[in-house]
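Quick notes on the structure that follows.
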Amino acid sequence: MKYNFNEIEAKWQKYWAENQTFKADNISDKPKYYVLDMFPYPSGAGLHVGHPLGYIASDIYARYKRHQGYNVLHPQGYDSFGLPAEQYAIQTGQHPAITTAENIKTYRRQLDQIGFSFDWSREVRTSDPSYYKWTQWIFIQLFNSWYNNESDKAEDISELISIFETEGNATVNAICDENIEPFSAEEWNSFSSKKQQQILLQYRLTYLAETEVNWCPALGTVLANDEIVNGVSERGGHPVIRKKMTQWSMRISAYAERLLQGLETIDWTDSLKESQRNWIGKSVGAQVEFRVQSSKFSVSVFTTRPDTIFGVSFMTLAPEHELVSKITTPDQKAEVDAYIEATAKRSERDRVADVKNITGAFTGAYAEHPFTKKPIPIWIGDYVLAGYGTGAVMSVPCGDQRDYDFAKHFNIPIHNIFDGVDISEKAFADKEKTVIANSDFLNGMNYKKATKRAIYELEQIGQGEGKTNYRLRDAVFSRQRYWGEPFPVYYVNGMPQMIDVEHLPIELPEVRNYLPTETGEPPLGNATVWAWDTEKNEVVSNDLIDDKTVFPLELNTMPGWAGSSQYFNRYMDPNNEDAIFSKDAMDYWQQVDLYIGGSEHATGHLLYSRFWQKFMFDKGYVNHDEFAKKLINQGMILGTSAFVYRVFPHWNKKITSSKTESGLISESVFYVSQSIFELFSDRREYYKKIVKDLYPILKSKLLSLYSKHLNNQLDESDIINHSDSYITFTVDKIHADVSYVNSSDELDIEGFKNWRPEFKNAEFLTKENETFKVHREVEKMSKSKYNVVNPDNICEQYGADSLRLYEMFLGPLEQYKPWNTAGITGVHSFLKKLWKLYFDDNGLKVTDATPTKDNLKTLHKTIKKVQEDIENFSFNTSVSTFMIAANELTAQKCTSKEILKPLLVLVSPYAPHIAEELWSQLEHNESISTVPFPEFDESHLVESTKNYPISFNGKMRFTMELPLDLSKKDIEKAVMANEKTKEQLQGREPKKVIIVPGKIVNIVG
RNA sequence: GCUCAAGUGGCGGAAUUGGUAGACGCGCUGGAUUCAAAAUCCAGUUUCUUCGGAAGUGUGGGUUCGAUUCCCACCUUGAGUACCA
């Protein structure tokens, strides 16, 4: 019987689906284990070979855990709200729900053909109303909560109201650190309802506020900080500007410290924890008040170096700082205004790009030093960011390089307050390496002591206190888009009201088109049925809006991360219509045991999910305040892009000695191979060299270009010698679809010409006697880079088991690695070899023969290694181990059922189809998926002799077979008696002989 | 600039607590089988070599009987982050 993988794989995929083999029960005597993948966004391009990498790894682990007797939850679903479907809708008018459903169908087919052990009965889709009902529910819970810093957890807003009613906000303000006017209980009770709502909004965990946001004009929406990369949007690379808008925000900053501390309790990768720590950006220091001389104002600054307070020689405010206009003196006003205007004009990106340029302006005002009472000039400068700390710094040039540069640039005096340190060239920032001097009561103290003392003294005079600052900003939660969760919110007198939970979900309305409205409102502004009737409790037509019972609904939708921040908990009880999940389900599954996904979500999804989980924990809905115990980042599989070089010829004609006319010869653009391109690469000798080197190859091309466009009678020397009329070239590279390129980098020119119309009649030039070779580069796999490799062809040609094995065999899971199909034949022939252990031309050849010692040794060696590998997520090495086992058992001509049966269980997590098929051929009626994992028996590996490596000065020179029970003395005797030892020593006496029994012998000579 | 990760044959990679560097696979070379091809099987494949051996894991030092593994300095590559006070 032949290994007919297509047939076998289809058969078992059907079996698993029909028998619901991988359906996880919420009630079980078995211990539970929850293996989770990051669910995919179903893009129109379908799955490429990079997507399944993490899924294969988690599937191997999930299957292994089933063999170990666990009740395994291994769900899958779709993060199906998002931009691409919406942009497609804008272009074509097709409803995003239709596009999304189609894409999901493709994804499902592709996932099924790889043979994952997902429990599809638990599938979730974030764009499904029955799912986003619960996203809306969480939003309402957040709205109805505030963060009590005293109990350090989220609490119901009703408790805050009762505090206000009985004692006003004096105590709460102190803890909450909000800039809210204090009020008494009497005042609170006398406030209008609207005023009360406005105040409460400033305490809620999700709140509506006028905030400066990242606005992306091209996408017509705001973006979160983690959606911006290098000053442009992550999706599409469009510019981003700062803009003030009223937006929903999430008070993640309240959880900054707990998000930081929680990292200590979870088994996530260090690099991921490090990025989250950087993102949270905790700094410990002090807040200090500087009174502004002859005014009622004071400047409040945050510093991590209160120990350097006597080194302050000026202060710097961000240009946007609210005090700037209030303290600037009349004679400095013009200069300050001009500076503010100039910085406002520059985009965030320009400012960041232009770090070296020092700019600023003097306000004319002076602050007073809290201790010396000396005047300190107040400047403004754009190196101080309005968004961090207080937007103002006390500038200590001797200890901070930026302050130092600013001081030097504007000739501000620099005081040295460090003992025995030279600051004539640059600032001295190494705080551990000196002690404080010239600083009154801080003299002689080290950094730590001085910091403590400075804070104490500031507190004594009421001008400062110890303070911790976080870089983490509250997360903007509104998006001006259609394809996202609608908010369960309507507005009465401009104040947001929550719709009762019992009326959820509020479903996305139909719209005429998916673009913003003419008045600049979000796409939901196009909906005609989008108002809330508070009497009927349903969505009604906008025409019915009146001031009594029908009110406008929120027009923004939620961001992409809303749907993914609790999906892992929903999987525990996905079809529950009465609650996000039942308490029983949560009590059983607890939390994710293993989460596998990409590191690109480090500061987005993974931080937001931890935030929501902590909130859910505070409210008592979940049992753990971290949702995933262990997390592994799989590396990305990269594509190997192919490029051809496109050459643009330009004609040039010298008119006078200083004037040359030139232009593109657009119809003569041509394409060249890698080897010709290399001739272009020396840019210093551009014109002459290129034409000279290319001339032999492009002779006819050049001559025709000349005669055509310069209308000149030229001979060859004119061209080569670069006379008054000449040709120059510019070159760029364009992606070629990798399907037109073979493994030797050769381009199929005919196929390529048919790819796009502009190549149809184009010229493709390469050196004589050479094939046309493309340029290769490793990049992220993406449709736009034409380097996508589709798993479908591989499944068809080699089978899913080969694909699974090969993706694991490529290298360590966490590593980034380029895809290269070349090696897949290796794992495929292993599977064929494995099959041949069970079948030959005459059929099944497995017997009841008693296994030999060698058979047992091979099997148990394999059990040990594979088990260790799976537990260490070292899947690449267990594929090698399987190959070794198959090679050895083939050589041993093993047919013993006692060996071949357990071998199948070992292989089953990696190559489940072939394992199931052979298992059933061995007369089993049940799936192999829950058969116990074989027990490792050490006794089969015990040896009586050891082939000792004999080294001289640490270099292995030969080996000697010796009994393992030999004493050290006898080993030495045997080794010294050996001929080869004498040869190595050449008569010298060994200085020392090191013997590690069972390991090595080392002779030092 | 800062932080993190990684540098091993022609290639992907292995060596888990310091103990035979290059497992396993790809590719390549030779052979068997075949009319031929595919497939399969066998042998070889780090480099140099006077065929005895010798050198060798980015570079230079160090610790050790012994270092791919530990320590120091440097170089290169990749990723993240960036005026964070």
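Residue numbers begin at 1 in each chain, while the letters A, B, ... track the order of the sequences.
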Let me know the distance between [atom1] of [X] and [atom2] of [N], rounded to the nearest Å.
{"X": "A:Y383", "N": "B:rA85", "atom1": "OH", "atom2": "P", "value": "13 Å"}
{"X": "A:R473", "N": "B:rU81", "atom1": "CZ", "atom2": "P", "value": "17 Å"}
{"X": "A:K836", "N": "B:rC41", "atom1": "NZ", "atom2": "P", "value": "5 Å"}
{"X": "A:I380", "N": "B:rA85", "atom1": "CD1", "atom2": "C1'", "value": "17 Å"}
{"X": "A:E779", "N": "B:rG78", "atom1": "CD", "atom2": "P", "value": "13 Å"}
{"X": "A:K893", "N": "B:rC41", "atom1": "NZ", "atom2": "C1'", "value": "12 Å"}
{"X": "A:L837", "N": "B:rC41", "atom1": "CG", "atom2": "P", "value": "12 Å"}
{"X": "A:R277", "N": "B:rC2", "atom1": "CZ", "atom2": "C1'", "value": "16 Å"}

Distance test, side-chain N/O of A:R957 to OP1/OP2 of B:rA55, below 4.0 Å: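 So the side-chain polar atoms of A:R957 do come within 4.0 Å of the phosphate oxygens OP1 or OP2 of B:rA55, strictly under.
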Heavy-atom contacts, protein to nucleotides 4-20 of chain B, under 4.0 Å, summarised as B (base), S (sugar-phosphate only) or - (none) per nt, yield S-------BSS-B--BB
Step by step, work out the ring-ring contact (aromatic ring centres under 6.0 Å, His included) result for A:H828 and A:Y806. CA-CA 8 Å; A:H828 186 64; A:Y806 187 55; over 10 Å; no
Walk me through whether A:E868 and A:K864 qualify under salt bridge (charged side-chain N to carboxylate O under 4.0 Å, His left out). CA-CA 6 Å; A:E868 281 171 2; A:K864 183 168 193 270; 3.5 Å; yes
What stem regions, each of at least 3 consecutive Watson-Crick or G-U pairs below 3.5 Å, can be found for RNA chain B?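 Correct response: B:1-7 with B:75-81, B:10-12 with B:24-26, B:27-32 with B:40-45, B:46-48 with B:53-55, B:58-62 with B:70-74.
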Between A:G826 and A:T390, just flag the one whose closest nucleotide in RNA chain B comes earlier from the 5' side.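 Looking at RNA chain B, the more 5' nearest nucleotide goes with A:G826.
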A:Y470 vs A:K832, nearer the 5' end of RNA chain B by closest nucleotide: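 Comparing both residues, the 5'-ward one is A:K832.
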Under 3.5 Å, is there a donor-acceptor pair linking the side chains of A:T359 and A:Y339?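 A donor-acceptor contact under 3.5 Å links the two side chains.
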Students often get this wrong, so: under 4.0 angstrom with heavy atoms, is A:S599 touching a base, only sugar-phosphate, or nothing?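 No contact.
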Looking at every strand, decide which applies to A:K955 at a 4.0 Å heavy-atom threshold: base, sugar-phosphate, or nothing.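 Answer is base: heavy atoms of A:K955 come under 4.0 Å of a base.
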Identify whether the distance between the nearest side-chain nitrogen and carboxylate oxygen of A:K780 and A:E600 falls below 4.0 Å.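 No, A:K780 and A:E600 are not salt-bridged.
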Taking everything shown except A:K282 itself, do over 12 heavy atoms lie less than 6.0 Å from its NZ?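 Atom NZ in A:K282 is crowded, with more than 12 foreign heavy atoms closer than 6.0 Å.
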Specify the residues of residues 281-290 of chain A, ordered by number, for which at least one heavy atom lies under 4.0 angstrom from an atom of RNA chain B.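 Per residue number, the list reads A:S283.
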Is there a ring-ring contact (aromatic ring centres under 6.0 Å, His included) between A:Y3 and A:F5? Walk through the geometry before answering. CA-CA 6 Å; A:Y3 170 41; A:F5 51 86; 5.7 Å; yes
